[in-house]
Amino acid sequence: QTTGVASVASSGTVSPMQARRVSSAICGRPCNTTRSVSLTLATSARLAVSVRADIALMERVFQNLIDNALRHAPQGGAVGIAIEPDQQELRVSVTDNGSGIAKEHLAHVFERFWRASDLPGGCGLGLAIIAEIARRHGGQASAALVQPHGLRVRIELPRVAGSTPR
């Protein structure tokens with residue numbers, strides 16, 4: 001399957017995915033950084049929530065989110081990951097303390113081939129792919145500036161009916 005936004009291949013298997021598996025997918029992936037960036041994960045004790053997801057695509061989302069944040073975090077910087085379920089959705093946020101972007105550029109971060117910086121690596125597709133995968137799962141992606149500097153990218157996915165945060 002492909003889209004006009006970016007080529008996003010799906011395994012075609014959409015099944016309930018517990019938030020605990022989201023946490024495992026994030027924690028289990030290697031981090032390729034030589035700049036001593038700290039990576040922290042904050043989760044709610046209420047991870048019994050499920051979302052309907054193509055697990056391979058969700059792993060791609062997490063890989064893109066984390067790789068992007070690590071690339072923009074400064075030497076000795078920090079990347080934070082938060083997994084937050086509520087009554088309607090599961091939110092996964094990745095925040096870095098890099099230089100951030102200009103406020104007027106926020107509207108463009110999910111456009112394909114748009115890049116906020118000239119840092120090596122990336123071609124401006126990562127966040128476009130994230131947004132498309134979230135949309136395919138009935139969710140959305142958003143970005144916000146953090147103070148004093150940095151960027152938070154969040155995906156929100158609807159939870160499976162009957163899976164209540166505990």
Side-chain angles (χ1 to χ4, degrees), residues 6 8 17-49 51 53 55-86 88-135 137 139-157 159 165-166:
V8 180
M17 178 180 179
Q18 279 206 333
R20 291 185 203 294
R21 182 146 184 195
V22 171
S23 176
S24 296
I26 290 171
C27 293
R29 63 172 306 280
C31 294
N32 297 322
T33 182
T34 57
R35 296 187 334 255
S36 301
V37 174
S38 70
L39 184 63
T40 58
L41 174 65
T43 62
S44 166
R46 305 172 304 150
L47 288 182
V49 171
V51 295
I55 293 168
L57 288 180
M58 286 291 98
E59 287 177 348
R60 186 169 181 185
V61 164
F62 306 138
Q63 178 182 353
N64 282 352
L65 282 171
I66 295 168
D67 288 348
N68 191 61
L70 289 171
R71 186 171 42 256
H72 292 283
Q75 171 76 26
V79 170
I81 303 161
I83 303 173
E84 309 162 289
D86 71 13
Q88 288 80 35
E89 62 195 12
L90 177 69
R91 292 183 303 274
V92 179
S93 303
V94 177
T95 305
D96 68 68
N97 68 342
S99 59
I101 61 172
K103 188 174 184 176
E104 62 269 16
H105 293 155
L106 270 178
H108 303 287
V109 297
F110 297 108
E111 294 174 8
R112 65 182 184 155
F113 302 117
W114 188 86
R115 294 187 54 184
S117 73
D118 293 327
L119 287 174
C123 61
L125 285 175
L127 293 179
I129 289 170
I130 289 166
E132 176 62 18
I133 292 171
R135 186 193 65 75
H137 286 81
Q140 66 180 0
S142 61
L145 300 176
V146 295
Q147 297 300 321
H149 47 78
L151 185 69
R152 174 177 299 117
V153 179
R154 173 180 288 160
I155 63 163
E156 299 170 350
L157 301 170
R159 68 174 180 81
R166 300 183 251 164

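We number each residue from 1, following the sequence as shown. This one's a predicted model, so the numbers in the text were calculated from it and none came from an experiment. All heavy atoms count here, side chains included; hydrogens, waters and symmetry mates do not.
- Under the side chain to side chain donor-acceptor pair (under 3.5 Å) criterion, Gln140 pairs with Glu156, not counting sequence neighbours.
- Considering only heavy atoms from C-beta on, Ser36 comes within 4.5 Å of Gln75 through its side chain.
- Across every non-hydrogen atom of Asp96 and Val146, the tightest pair is O-CG2, 3.9 Å.
- Side-chain contact between Leu57 and His137: present, with at least one pair of heavy atoms (C-beta onward) separated by less than 4.5 Å.
- Pro74 and Gly98 make their closest contact through CD-CA, 3.8 Å (heavy atoms, listed as atom of the first residue, atom of the second, distance).
- When every heavy atom of Ile130 is checked against every heavy atom of Ala141, the shortest pair comes out as CG2-CB, 4.3 Å.
- Expressed to the nearest 0.5 Å, how far CD1 of Ile81 lies from CD1 of Ile66 amounts to 4.0 Å.
- For the pair Ala143 and Leu151, the tightest heavy-atom approach, listed with the atom from each and the gap, is CB-CD1, 4.3 Å.
- The heavy-atom pair separating His72 from Asn68 by the smallest distance is CD2-O, 3.0 Å.
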Next item on the list: Before giving the answer on side-chain contact (heavy atoms from CB on, under 4.5 Å), spell out for Asn64 and Leu127 the whole-Å C-alpha distance, their side-chain angles and the decisive distance to 0.1 Å.
Entry: CA-CA 7 Å; Asn64 282 352; Leu127 293 179; over 6 Å; no
Next item on the list: Before giving the answer on side-chain contact (heavy atoms from CB on, under 4.5 Å), spell out for Phe110 and Ile129 the whole-Å C-alpha distance, their side-chain angles and the decisive distance to 0.1 Å.
Entry: CA-CA 8 Å; Phe110 297 108; Ile129 289 170; over 6 Å; no
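- Screening residues 140-154 for salt bridge (charged side-chain N to carboxylate O under 4.0 Å, His left out), with sequence neighbours left out, gives Glu84-Arg154.
- Side-chain contact check for Ile101 versus Leu145: some heavy-atom pair is nearer than 4.5 Å.
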Margin query: Would Ile155 and Val61 count as a side-chain contact (heavy atoms from CB on, under 4.5 Å) here? Give the steps.
Written below: CA-CA 9 Å; Ile155 63 163; Val61 164; 3.7 Å; yes
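- Listed by chain and number, the residues in a side chain to side chain contact (heavy atoms under 4.5 Å, CB included) with Ala78 are Ser38, Asn97 (sequence neighbours excluded).
- Of all heavy-atom pairs between Met58 and Ile133, the closest is CE-CG2, 3.4 Å.
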